[in-house]
Amino acid sequence: MSIQLGMPQPREEAASLPSAPAARPADAPAGLADRYGRRATDMRLSLTDKCNLRCTYCMPAEGLEWLAKQAVMSAEEIVRIVRIGVEQLGVRELRLTGGEPLVRHDLVDIIAALRSNHPGLPISMTTNGVGLAKKAAPLKAAGLTRINVSLDSLHEETFTQLTRRPFLNQVLAGVDAAWAAGLGPVKLNAVLMRGINDAEAPSLLAWALGRGYELRFIEQMPLDADHGWTRRNMITAAEIRELLSTDFLLSADPRARDGAPAERFEVRRRVAGSADDAAGPVLGTVGIIASVTEPFCSDCRRTRITAEGKIMSCLFSREEFDLLGLLRSGASDEALAQRWQDAMWIKPKAHGMDHVGLDAPDFVQPDRSMSAIGG
Ligand code: SAM
Ligand code: SF4
């Protein structure tokens, strides 16, 4: 069961971690700071828990029980929460996600309102791309900066097996439309599943490089509603690098990572029979988001708001703190900012997945799926 308290409480952390104060001290740093010296500036806001795909690593085949309409943040509430984040708490970057953000009928209006309030704010969106072909140009016109589209396979059958919906062509049309509308650099997210699409990693990368898209592989995380994830079965970052090495040479991208979840590599094609340094020119970059095996918690800059306005300091938090309820009770901007700061102050040091046996009984998977949190 999720704990949904009015006031933040300390999370139960791994025994090896130091115990922490429950309350944010008066002299805590400004903004969305935590006890470990991090400050969240990157806001992930979920617009809806609904989705029109059923990716096996995220949702069950039968879907989930959707939130009631009135439980979900309205456009006005979203706009106010983002304004508080940006104006009072140091948020510098916003990503809209879900569920599937494109299923929200007022999406373009929300983006236009956010853009009008925050002319310089980078606003990006993560989408499955279904229906994007029609919406890409209006989204750009409304002020969306950039887009990430999830694409796990270029083969119709495999795509349908993974998403349980036959929409590959729609997604491909959406990716191209996003590029044409100026929503670049277009990033593609792929989750590799053993025995299903893992062998496709090099051809997926070749396809993305050929079109100037930046592909990012995301390690499968234990955030599926079916609780089918296992450590043994997930494809690790090390395996992804190995899979790609048959066709490509990867070298560390010299640009600073700067808190980004993806570790980026420059990609050159491997020239058959040649030494590494005889390989061809840099074709582009690939990212690997290794949340499970090479976590980046110590440099995490994210704060999350779920579709029903709950603050989550970490994808793996088992506590959520109600911002929307407080807002609807008539609270001031200052009171809302204070609750957000309190919730972030007790952000856990790390999700702990890297140092416990994940198949062991002491690893407790969050109750919510990725779609319900907002990935
Ligand atoms: N529906 C949109 C989409 O799929 O792009 C946005 C929400 S989705 C939850 C955001 C990202 O989370 C997607 O790129 C998806 O592949 C990824 N994702 C979902 N479940 C995951 C899991 N169990 N492990 C790793 N990534 C996951
Ligand atoms: Fe929907 Fe995205 Fe989850 Fe797939 S990953 S089921 S598209 S929310």
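On a predicted model such as this, the values are computed, not experimentally measured, just so you know. Indexing begins at 1, ligand by ligand and atom by atom, following the structure's order. In what follows, every heavy atom counts, from backbone to side chain, and hydrogens, waters and symmetry copies are set aside.
For the residue pair S291/E219, the side-chain donor-acceptor check at 3.5 Å is not satisfied. A donor-acceptor contact under 3.5 angstrom links the side chains of R216 and N189, judged on distance only. Donor-acceptor pairing under 3.5 Å is recorded for the side chains of E308 and T306. With no hydrogens or angles considered, no side-chain donor-acceptor pair links E93 and T41 at under 3.5 Å.
Atom CD of E62 is surrounded by more than 12 heavy atoms from other residues, nucleotides or ligands within 6.0 Å. Other residues, nucleotides and ligands contribute more than 12 heavy atoms inside 6.0 Å of the CD atom of E334.
A side-chain contact (heavy atoms from CB on, under 4.5 Å) with V82 holds for exactly one of V86, V79, I84; it is V86.
Closest approach of P29 and W345 over heavy atoms only: CD-CZ3, 4.0 Å.
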Contact table ligand 1 N or O to protein N or O, d under 3.5 Å:
| unit_1 | atom_1 | unit_2 | atom_2 | d |
| --- | --- | --- | --- | --- |
| ligand 1 | 1 (N) | G99 | O | 2.9 |
| ligand 1 | 1 (N) | E100 | OE1 | 3.1 |
| ligand 1 | 4 (O) | S150 | OG | 3.3 |
| ligand 1 | 5 (O) | T127 | O | 3.1 |
| ligand 1 | 5 (O) | S150 | OG | 2.6 |
| ligand 1 | 14 (O) | S150 | OG | 2.7 |
| ligand 1 | 14 (O) | N189 | ND2 | 3.1 |
| ligand 1 | 16 (O) | Y57 | OH | 3.4 |
| ligand 1 | 23 (N) | Y57 | O | 2.9 |
| ligand 1 | 23 (N) | M221 | O | 2.9 |
| ligand 1 | 24 (N) | M221 | N | 2.8 |

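The aromatic rings of W179 and Y213 sit perpendicular to each other, their planes meeting at more than 60°, with 30° as the lower class boundary.
Contact residues for ligand 2 (protein heavy atom closer than 4.0 angstrom to any ligand atom): C51, L53, C55, C58, M59, G99, N128, S371.
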